[in-house]
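Source: prediction; values computed, not measured. Keep in mind that the numbers below use all heavy atoms, side chains included, and drop hydrogens, waters and symmetry copies. Chain identifiers are assigned alphabetically (A, B, ...) following the order of the sequence lines, protein sequences preceding nucleic acid strands; residue numbering begins at 1 within each chain.
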There are 2 protein chains.
Amino acid sequence: MEIETTTDYQKVKVANKIKKMFGHINPRTSMELCPIRDIMALSSDKWSILIFLYLGFFPVLRFNELKKKVYGISNKVLSERLKTLDRDGYISRKMYSEVPIRVEYQLTDFGHSYLKKLLELTEWVDTYKETIQENRLKYKAS
Amino acid sequence: MEIETTTDYQKVKVANKIKKMFGHINPRTSMELCPIRDIMALSSDKWSILIFLYLGFFPVLRFNELKKKVYGISNKVLSERLKTLDRDGYISRKMYSEVPIRVEYQLTDFGHSYLKKLLELTEWVDTYKETIQENRLKYKAS
DNA sequence: AGAGCAAGTTACAAAAAGTAACCTTATTAA
DNA sequence: TTAATAAGGTTACTTTTTGTAACTTGCTCT
């Protein structure tokens with residue numbers, strides 16, 4: 001898989017984007033107070049990605065349905081992640097007081113908007129996953 | 001900040017993308033063996049994002065320069081992240097046997113390619129960070 | 001009365017991240 | 001001739017985060 005080189009012009013554009021977003025980036029200051037990292041970390045961790053993907057694929061899922069699909073996740077962690085995603089507005093939680101109780105989760109418009117962007121990044125990863133495997137083998141051999 | 005609603009047509013397109021990438025997504029199988037999560041988790045965590053951004057902004061940085069810029073990171077974690085990013089091929093590490101020793105890190109073409117995609121996601125986050133803050137306040141109040 | 005179900009919670013163990021002191025090799029200053 | 005300084009880490013130890021598995025709650029059905 002060939003990676004096209006980034007031209008100097010493109011690099012300048014990237015640097016400008018970074019500067020615009022992280023205005024205080026310079027040798028003397030930090031990004032410590034920047035919320036972007038916090039938001040990124042909470043929405044792109046290994047479990048949240050799967051929750052986004054499954055809710056993008058199946059419009060509505062209940063707690064235990066998600067638990068079965070997001071293979072390996074525990075009740076505790078699923079519960080925590082759903083709370084965070086709900087709190088930040090990516091998903092909605094609807095409780096129906098039936099017996100037994102029914103709770104339904106789905107992406108909000110905001111969540112769909114984020115998922116669209118997240119997918120573009122995962123598509124890149126999907127395209128180059130073999131390249132990364134090869135890089136790891138080369139590294140190991142060296 | 002208004003979020004535009006995702007049409008049913010767009011949702012189907014998203015579902016198709018997911019199906020293409022995560023072909024085995026269905027109620028009976030898992031994504032357990034999928035490398036995408038692993039790669040995403042290792043390249044988009046809270047410290048790696050900053051390393052990408054700083055190396056996207058400053059073409060070449062030495063260990064201690066990075067340490068100063070990536071405010072709050074410890075030697076140990078910086079060293080670990082740099083190793084992982086080097087191993088996966090995002091950055092290159094060049095050592096010069098001077099005294100004192102000099103080690104330079106920079107993005108590879110592969111790393112630049114990834115950063116470009118990562119930036120699109122962080123730009124979305126940058127655009128909507130206030131929305132998320134509001135969502136959190138609403139959630140807290142409810 | 002006992003079993004079962006959905007949707008969690010809780011107490012505890014394991015893993016990951018953070019902290020601070022230390023190491024190496026060579027150079028210069030006292 | 002010690003001693004301090006420098007870069008780029010490593011190591012031992014502490015704290016925080018994750019993961020595991022058992023338990024809870026409220027109601028129904030047998």
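Across all strands shown, Tyr96(B) has no heavy atoms under 4.0 Å from either base or sugar-phosphate atoms.
Closest contact between the side chain of Val99(B) and the listed nucleotides dA26(C), dA6(D), dG8(C) involves dA26(C). The side chain of Tyr105(A) lies closest to dG8(C) when the candidates are dG8(D), dA6(D), dG8(C). Proximity note for Ile101(A) (side chain, C-beta onward) versus dG8(D), dA6(C), dG8(C): the nearest is dA6(C).
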Check your understanding: For Arg81(B) and Asp45(B), what are the C-alpha separation, side-chain angles and deciding distance, and is it a side chain to side chain contact (heavy atoms under 4.5 Å, CB included)?
Key -> CA-CA 10 Å; Arg81(B) 291 297 175 281; Asp45(B) 72 288; 3.1 Å; yes

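Side-chain atoms of Tyr90(A) and Thr108(A) include no donor-acceptor pair closer than 3.5 Å.
A close approach under 4.0 Å does not occur between any side-chain nitrogen or oxygen of Arg62(B) and OP1 or OP2 of dA7(D).
Here the NZ atom belonging to Lys140(B) is positioned 14.0 Å from the CG atom belonging to Asn135(B), to the nearest 0.5 angstrom.
A 6.0 Å sphere centred on OH of Tyr9(B) holds no more than 12 heavy atoms belonging to other residues, nucleotides or ligands.
Rounded to an integer number of Å, the gap from Leu78(A) CG to dA21(D) C1' is 16 Å. Regarding Leu66(B), its CG atom lies at a distance of 14 Å from the C1' atom of dG9(D), rounded to whole Å. Rounded to an integer number of Å, the gap from CG of Asn64(B) to C1' of dG9(D) is 9 Å. Taking atom CD of Glu98(A) as the reference point, atom P of dA6(C) lies 12 Å away to the nearest angstrom. Atoms CE (Met95(B)) and C1' (dA26(C)) sit 14 Å apart, rounded to a whole Å. Protein atom NZ of Lys67(B) is 13 Å distant from nucleotide atom P of dT10(D), rounded to whole Å. Atom CD of Glu104(B) is separated from atom P of dG9(D) by 12 Å (rounded to the nearest Å). Put simply, CG on Leu61(A) is 11 Å from P on dA7(C), counting in whole angstrom units.
In summary, Asp38(B) and Arg136(A) engage in a salt bridge, as defined by a charged side-chain N under 4.0 Å from a carboxylate O. Salt bridge Arg62(A)/Glu65(A): absent, no basic N to carboxylate O contact under 4.0 Å. By the 4.0 Å N-to-carboxylate-O rule, Glu104(B) lies close enough to Arg102(B) to be salt-bridged with it.
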Review point. For every nucleotide of nucleotides 9-24 of chain C, 5' to 3': is a protein heavy atom under 4.0 Å from its base (B), only from its sugar-phosphate (S), or from neither (-)?
Key: BBB-----BBB-----

